[in-house]
Amino acid sequence: MRAAGAGIGPLTAASARPGFWCECLLTSAESESTVLVGSFDAYAARDAVRWIRIAMRTLASVVDEAEPVHEWLLIDSNLTAAALERGEPFAIALRHEELRLAWSARPVGFLPLADRTSRALPPCALEWAQPAALRTALTASQNTHLPARR
């Protein structure tokens with residue numbers, strides 16, 4: 001696989017940009033199912049921690065049994081960014097009745113995407129089954145020239 005337009009050859013581990021993948025999962029004890037509530041890609045550990053802090057601060061204010069979360073928000077969240085920078089994954093959960101919300105962040109390498117400033121999409125973009133509205137938007141976007149980012 002090649003990074004489009006870059007002409008740098010095949011993608012390797014060195015092509016990956018270091019960052020952090022963050023997720024929030026909701027688990028119901030009643031149905032034993034897990035749902036992805038949200039995800040976030042951060043390029044700095046402090047941004048990953050900030051994403052988790054904002055969500056937790058909002059929810060912890062309305063949940064009675066959130067003492068460990070309050071302690072993390074007040075004291076340990078600064079240590080979390082340092083741990084992520086050292087390559088250590090992080091997870092914290094908040095429970096309310098039969099529900100459990102769990103946030104996690106872990107170091108990852110983000111591979112570069114195909115060149116998004118070229119006039120036409122690569123042929124593979126139209127090979128997967130798409131909703132009609134998305135197919136129309138993709139086709140229309142091929143006729144629109146986007147200026148290069150500076």
Side-chain angles (χ1 to χ4, degrees), residues 1-4 6 10-118 120-142 144 146 149:
M1 177 178 224
R2 292 180 176 270
L11 292 175
T12 64
S15 306
R17 181 176 178 190
F20 304 90
W21 182 250
C22 309
E23 292 179 331
C24 178
L25 300 173
L26 174 67
T27 305
S28 170
E30 184 177 294
S31 65
E32 295 185 18
S33 64
T34 301
V35 176
L36 176 67
V37 176
S39 60
F40 180 69
D41 53 327
Y43 290 99
R46 68 181 182 280
D47 293 336
V49 172
R50 183 180 306 124
W51 182 76
I52 295 171
R53 281 179 55 85
I54 290 169
M56 293 201 84
R57 200 172 26 219
T58 303
L59 292 172
S61 64
V62 296
V63 175
D64 294 333
E65 301 171 21
E67 188 59 39
V69 171
H70 288 295
E71 182 179 328
W72 179 78
L73 287 169
L74 294 171
I75 301 168
D76 296 337
S77 61
N78 292 332
L79 301 174
T80 302
L84 284 170
E85 288 289 346
R86 289 191 305 269
E88 300 172 20
F90 168 76
I92 190 167
L94 178 65
R95 292 183 186 275
H96 180 67
E97 296 177 5
E98 297 297 318
L99 299 175
R100 178 180 183 261
L101 276 165
W103 289 266
S104 64
R106 65 183 184 276
V108 295
F110 292 110
L111 292 174
L113 294 175
D115 182 9
R116 295 175 65 183
T117 60
S118 62
L121 293 171
C124 63
L126 299 174
E127 289 179 8
W128 56 283
Q130 309 152 342
L134 181 57
R135 189 174 335 142
T136 302
L138 285 172
T139 305
S141 72
Q142 289 183 346
T144 305
L146 298 175
R149 290 185 179 171

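Positions are given from 1 along the sequence. No experiment lies behind these values; they were computed from the predicted model shown.
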Point to revise | Straight-line distance of Thr34 OG1 to Leu26 CG, nearest 0.5 Å | key: 8.0 Å
**Study point:** Spacing of Glu97 atom CD and Leu99 atom CG [to the nearest 0.5 Å]
**Key:** 7.5 Å
Point to revise | Arg106 versus Pro89, closest heavy-atom pair with distance | key: CB-CB, 4.0 Å
**Study point:** Check against side chain to side chain donor-acceptor pair (under 3.5 Å), Thr27 and Arg100
**Key:** CA-CA 5 Å; Thr27 305; Arg100 178 180 183 261; 4.8 Å; no
Check your understanding: Below 4.5 Å, heavy atoms only, C-beta onward: do Thr80 and Trp72 meet side chain to side chain?
Key -> yes
Exercise for review: Mark yes or no: Arg17 above the aromatic ring of Tyr43, with NZ or CZ under 6.0 Å from the six-membered ring centre and no more than 45 degrees from the axis.
Suggested key: yes
Review point. Which residues satisfy the salt bridge (Lys or Arg N to Asp or Glu O under 4.0 Å) test with Glu88, sequence neighbours excluded?
Key: Arg86
Check your understanding: Which heavy atom in Pro107 sits nearest to a heavy atom in Leu84, and how many Å separate them?
Key -> CG-O, 3.9 Å
Exercise for review: Kindly determine whether Leu101 and Cys24 satisfy side-chain contact (heavy atoms from CB on, under 4.5 Å), including the steps that lead there.
Suggested key: CA-CA 7 Å; Leu101 276 165; Cys24 178; 3.6 Å; yes
Exercise for review: Please report the C-alpha distance between Leu36 and Leu25 in whole Å, then the side-chain angles of each, then the deciding distance to 0.1 Å, and finally whether the side-chain contact (heavy atoms from CB on, under 4.5 Å) criterion is met.
Suggested key: CA-CA 5 Å; Leu36 176 67; Leu25 300 173; 3.7 Å; yes
Practice item. Can you see which heavy atom on Ala48 is nearest to which on Ala105, and at what distance? Key: CB-CB, 4.4 Å
Check your understanding: Testing Leu94, Val37, Val49, Val69 for side chain to side chain contact (heavy atoms under 4.5 Å, CB included) with Trp103, which one passes?
Key -> Leu94
**Study point:** Greater than 12 external heavy atoms within 6.0 Å of Arg53's CZ
**Key:** yes
Check your understanding: Ring centroid separation for Trp51 and Phe20, is it under 6.0 angstrom?
Key -> no
Practice item. Could you tell me how the ring of Trp21 sits relative to the ring of Phe110: parallel (under 30°), tilted (30 to 60°) or perpendicular (over 60°)? Key: perpendicular
Check your understanding: How close do Met56 and Ile92 get, heavy atom to heavy atom, and via which atoms?
Key -> SD-CG2, 3.4 Å
Revision key, fill the gap. In this structure, CG of Leu74 is separated from CZ of Arg57 (nearest 0.5 Å) by 10.0 Å
Point to revise | Interatomic spacing from OG in Ser39 to CD in Glu23 - rounded to 0.5 Å | key: 6.5 Å
**Study point:** Pairwise distance CG(Asp47) to CD1(Ile52) - rounded to 0.5 angstrom
**Key:** 11.5 Å
